[in-house]
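Working notes, beginning with the structure itself.
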Amino acid sequence: MTAQTVQRGELVTVIGLEVHVQLETETKIFCGCPTAPADEPNEHVCPVCLGLPGALPVCNEAAVEAAVKIGKAIDAEIPEETRFHRKNYFYPDLPKNFQITQYDEPICQAGELEINVEGERRAVEIERAHLEEDPGSLQHVGGGGIDTAEYTLVDYNRAGTPLMEIVTAPDFRSPSEVRAFLAELEEVLEYLGVFDAERDGSLRVDANLSMIPAEEVEDDGTIGPDALAAANRTEVKNISSHKGAEKALAYEETRQKNAIQRGRAVEQETRHWDESRGITVSMRSKEAEKDYRYFEEADLPPLRVSGWTDEIEIPELPRARRERFREEYELGEEAASKLTSTKQVADFYEDLASEFDPDLAATWVADELLGELNYRDMAITELEGRLDEVARLVELVAEDEITAKNAKEVVLRTMLDDGEDPDSIVDAEGLGKTGEGEVQAAVEEAIEENPDAVEDYHAGEGGAINFLVGQVMQKTGGSADPGDVNGMLREELSD
């Protein structure tokens with residue numbers, strides 16, 4: 001096990017995850033129904049995903065390819081042959097009363113993913129990652145939550161959407177570690193192009209949490225199977241975000257600690273995370289593996305990926321790209337992290353860095369562009385088809401045609417708010433950079449008109465030069481470069 005050394009105390013928190021990731025494919029995993037959002041409930045359905053008698057599933061090749069990419073990204077073993085099974089349980093969102101999934105022969109086995117914990121990187125063991133179909137979705141109406149709803153509606157549009165379930169070892173020792181893992185995993189999935197974080201319900205988490213006596217934990221942080229088996233654990237469902245996972249598990253951690261400290265037993269059960277109330281509520285007793293009565297899916301042959309696996313390529317992943325940016329472009333850790341936050345951001349930065357100074361490109365992407373996008377709650381994907389306009393703005397700054405201040409505070413903001421191109425904005429606002437002769441004339445005028453400030457400057461008062469710079473900028477309508485003005489003033493005042 002690769003868990004970090006644990007904190008010492010009466011109880012130690014142990015968490016394992018089951019992360020359900022919707023794969024970005026055009027059609028569902030076993031039928032031809034589209035996975036795109038539907039306008040109406042139960043619109044994208046057919047006899048296969050509704051589980052009607054006689055309907056036969058056919059496996060989606062794109063879903064298998066996505067699974068192989070994920071396996072490669074987490075350094076998993078990918079067997080040449082795997083199988084599908086039926087997981088039997090009865091729930092309103094499961095029209096067949098069983099789910100087609102993978103049991104003891106998953107497509108990805110024994111992988112890992114490195115995360116950053118308090119400035120140090122460590123590996124989280126991934127026991128398995130397997131393909132399965134998503135159930136439908138439930139809408140609880142009235143009452144505010146699953147336990148108080150007046151009634152529940154079922155929408156089968158989601159039923160049959162391809163899922164990858166990623167199961168970790170119980171390697172987490174705090175809710176904050178879980179949040180770090182989910183953020184890292186989501187970055188990797190986004191880079192692979194198999195996942196869309198903007199899709200509703202695209203990532204859902206079931207978390208198993210239990211409390212272990214500290215004396216059961218080894219010095220290296222590992223916990224033996226007997227100690228894990230002896231500890232009653234709760235499964236927390238309905239977690240759909242990094243922040244939600246941290247909040248849900250922090251609540252559950254506190255609830256279990258309080259129960260144990262008061263002499264009450266922790267029930268082994270499944271609990272629902274009610275995000276609106278910030279609590280977990282009991283749903284049912286926790287099922288054991290035998291309760292699902294797994295058996296092989298007779299309507300699907302064994303899944304063989306021999307030979308094909310080697311042909312499937314994956315891109316440079318975020319951690320590797322981050323390290324390369326630091327070395328190749330001599331970027332700091334914070335800048336490199338921002339510039340690799342998504343593949344689109346990283347690609348755009350590299351395009352700019354190939355044309356302009358890498359530091360200038362880093363400033364404009366990591367600080368100016370992402371800062372303005374974050375302020376507007378926008379993603380870089382919303383600028384699709386317009387990134388060449390941002391590149392043109394950087395070019396105007398690099399060629400000294402406009403000031404960096406005007407480029408950021410006027411041009412970029414107008415581009416994002418009004419959708420105009422940079423050249424049109426520069427022309428309309430008269431932001432072309434003032435010629436050196438005009439700036440020199442403005443410098444001389446400012447000195448002549450403000451003798452008190454000149455006297456203060458010579459007396460060593462630092463604020464005087466800033467006042468004079470402001471006077472020159474005012475005379476030039478803000479189109480002069482403040483740094484150039486500062487230098488010209490100092491030179492003029494030294495004579």
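Reckoned from all heavy atoms, side chains included, excluding hydrogens, waters and symmetry mates.
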(message) Quick check: do Glu177 and Ile15 have side-chain heavy atoms less than 4.5 Å from each other?
(response) no
(message) Could you tell me if Ser210 and Arg233 have a donor-acceptor pair between their side chains, going purely by distance under 3.5 Å?
(response) no
(request) Output yes when Arg392 and Asp423 qualify as a salt bridge under the 4.0 Å nitrogen-oxygen rule, no when they do not. (result) yes
(message) Strictly below 4.0 Å, N to O, side chains only: are Glu114 and Arg122 in salt-bridge contact?
(response) no
(request) Could you tell me whether Arg376 and Glu372 have a side-chain N and a carboxylate O separated by less than 4.0 Å? (result) yes
(message) Hydrogens and angles aside, do Tyr329 and Glu350 bring a side-chain donor and acceptor to less than 3.5 Å of each other?
(response) yes
(request) Please determine if Glu313 and Lys69 form a salt bridge, counting it only when a charged side-chain N lies under 4.0 Å from a carboxylate O. (result) no
(message) Can you confirm if the aromatic rings of Phe325 and Tyr349 lie within a centre distance of less than 6.0 Å?
(response) yes
(message) Please evaluate residues Val45 and Asn157 with respect to the criterion side chain to side chain contact (heavy atoms under 4.5 Å, CB included), reporting the C-alpha separation (whole Å), side-chain torsions for both, the decisive distance (0.1 Å), and the verdict.
(response) CA-CA 6 Å; Val45 295; Asn157 281 328; 4.2 Å; yes
(request) Indicate whether the side chain of Gln256 and that of Thr234 have a donor and an acceptor atom separated by less than 3.5 Å. (result) yes
(message) Looking at Lys343 and Glu190, is any side-chain nitrogen of the basic one under 4.0 Å from a carboxylate oxygen of the acidic one?
(response) no
(message) Between Asp421 and Ser424, do the side chains contain a donor N or O and an acceptor N or O under 3.5 Å apart?
(response) yes
(request) Determine whether the side chains of Gln344 and Thr381 contain a donor N or O and an acceptor N or O closer than 3.5 Å. (result) no
(request) Could you walk me through whether Glu253 and Thr13 pass the side chain to side chain donor-acceptor pair (under 3.5 Å) test, one step at a time? (result) CA-CA 7 Å; Glu253 180 182 51; Thr13 303; 2.5 Å; yes
(message) Taking CD in Glu267 as the centre, count heavy atoms belonging to other residues, nucleotides or ligands within less than 6.0 Å. Is the count above 12?
(response) no
(message) Under a 4.0 Å threshold between the charged nitrogen and the carboxylate oxygen, would Lys243 count as salt-bridged to Glu275?
(response) no
(request) Supply the atom-to-atom distance Lys28 NZ to Arg158 CZ, rounded to the nearest 0.5 angstrom. (result) 10.5 Å
(request) May I ask you to decide whether Asp299 forms a salt bridge with Arg86, counting only side-chain N to carboxylate O separations under 4.0 Å? (result) yes
(request) May I have the step-by-step check of side chain to side chain contact (heavy atoms under 4.5 Å, CB included) for Leu412 and Trp364, ending in yes or no? (result) CA-CA 10 Å; Leu412 179 59; Trp364 271 92; 4.0 Å; yes
(message) Looking at Glu311 and Trp308, would you say the former's side chain and the latter's main chain have a donor-acceptor pair under 3.5 Å?
(response) no
(message) What I'd like to find out is whether the side chain of Val205 reaches to under 4.5 Å of the side chain of His20, using heavy atoms alone.
(response) no
(request) With sequence neighbours left out, write down each residue that passes side chain to side chain contact (heavy atoms under 4.5 Å, CB included) with Pro301, or none if nothing qualifies. (result) none
(message) Is the ring pair His85/Tyr294 parallel, tilted or perpendicular, if the boundaries are 30 and 60 degrees?
(response) perpendicular
Per-pair distances, 0.1 Å, donor-acceptor, side chain in residues 33-41, under 3.5 Å, sequence neighbours excluded:
{"unit_1": "Thr35", "atom_1": "OG1", "unit_2": "Thr25", "atom_2": "O", "d": "2.4"}
{"unit_1": "Thr35", "atom_1": "OG1", "unit_2": "Glu26", "atom_2": "O", "d": "3.4"}

(request) Rounded to the nearest 0.5 Å, what's the gap from CD on Glu323 to CD on Glu316? Could you check? (result) 9.5 Å
(request) Verify salt bridge (charged side-chain N to carboxylate O under 4.0 Å, His left out) between Asp347 and Arg321, making sure each step is shown before the conclusion. (result) CA-CA 10 Å; Asp347 288 345; Arg321 201 167 193 182; 2.8 Å; yes
(message) Working to the nearest 0.5 angstrom, can you tell me the gap between Arg293 CZ and Asn88 CG?
(response) 4.5 Å
(request) Examine Tyr89 together with Phe98 and report whether their ring centres are nearer than 6.0 Å. (result) no
(message) Between Thr340 and Arg322, is there a side-chain donor-acceptor contact under 3.5 Å, judged purely by atom types and distance?
(response) yes
(message) Looking at Asp134 and Arg204, is there a salt bridge between them, counting it only when a charged N and a carboxylate O are closer than 4.0 Å?
(response) yes
(request) Output the distance between atom CG (Leu203) and atom CG (Leu185), rounded to the nearest 0.5 Å. (result) 6.5 Å
(message) Using only atom types and a distance under 3.5 Å, with no angle test, would you say the side chain of Thr270 pairs donor to acceptor with the backbone of Glu235?
(response) no
(request) Quickly, which of Glu105, Glu80, Glu81 forms a salt bridge (charged side-chain N to carboxylate O under 4.0 Å, His left out) with Arg304? Name it, please. (result) Glu81
(request) Just say parallel, tilted or perpendicular for the rings of Phe84 and Phe30, cut-offs at 30° and 60°. (result) perpendicular
(request) Could you verify whether a donor N or O on one side chain and an acceptor N or O on the other, from Glu132 and His130, lie under 3.5 Å apart? (result) yes
(request) State whether a side-chain donor-acceptor pair under 3.5 Å links Thr27 with Asn60. (result) yes
(message) Strictly below 4.0 Å, N to O, side chains only: are Lys338 and Glu334 in salt-bridge contact?
(response) yes
(request) Would you please name every residue forming a ring pair (Phe, Tyr, Trp, His ring centres under 6.0 Å) with Tyr191, sequence neighbours left out? (result) none
(message) Taking CG in Asp377 as the centre, count heavy atoms belonging to other residues, nucleotides or ligands within less than 6.0 Å. Is the count above 12?
(response) no
(message) Do the side chains of Glu133 and Lys96 get close enough for a salt bridge, i.e. N-O under 4.0 angstrom?
(response) yes
(message) Around atom CD of Glu395, are there more than 12 heavy atoms from other residues, nucleotides or ligands closer than 6.0 Å?
(response) yes
(request) Please check if the side chain of Gln102 supplies one atom and the backbone of Ile107 the other of a donor-acceptor pair under 3.5 Å. (result) yes
(message) Within the supplied structure, the quantity of interest is the number of heavy atoms (other residues, nucleotides, ligands) at a distance under 6.0 Å from Glu330 CD; does it exceed 12?
(response) no
(request) Using a strict 4.0 Å threshold on nitrogen-to-oxygen distance, state whether Asp104 and Arg128 make a salt bridge. (result) no
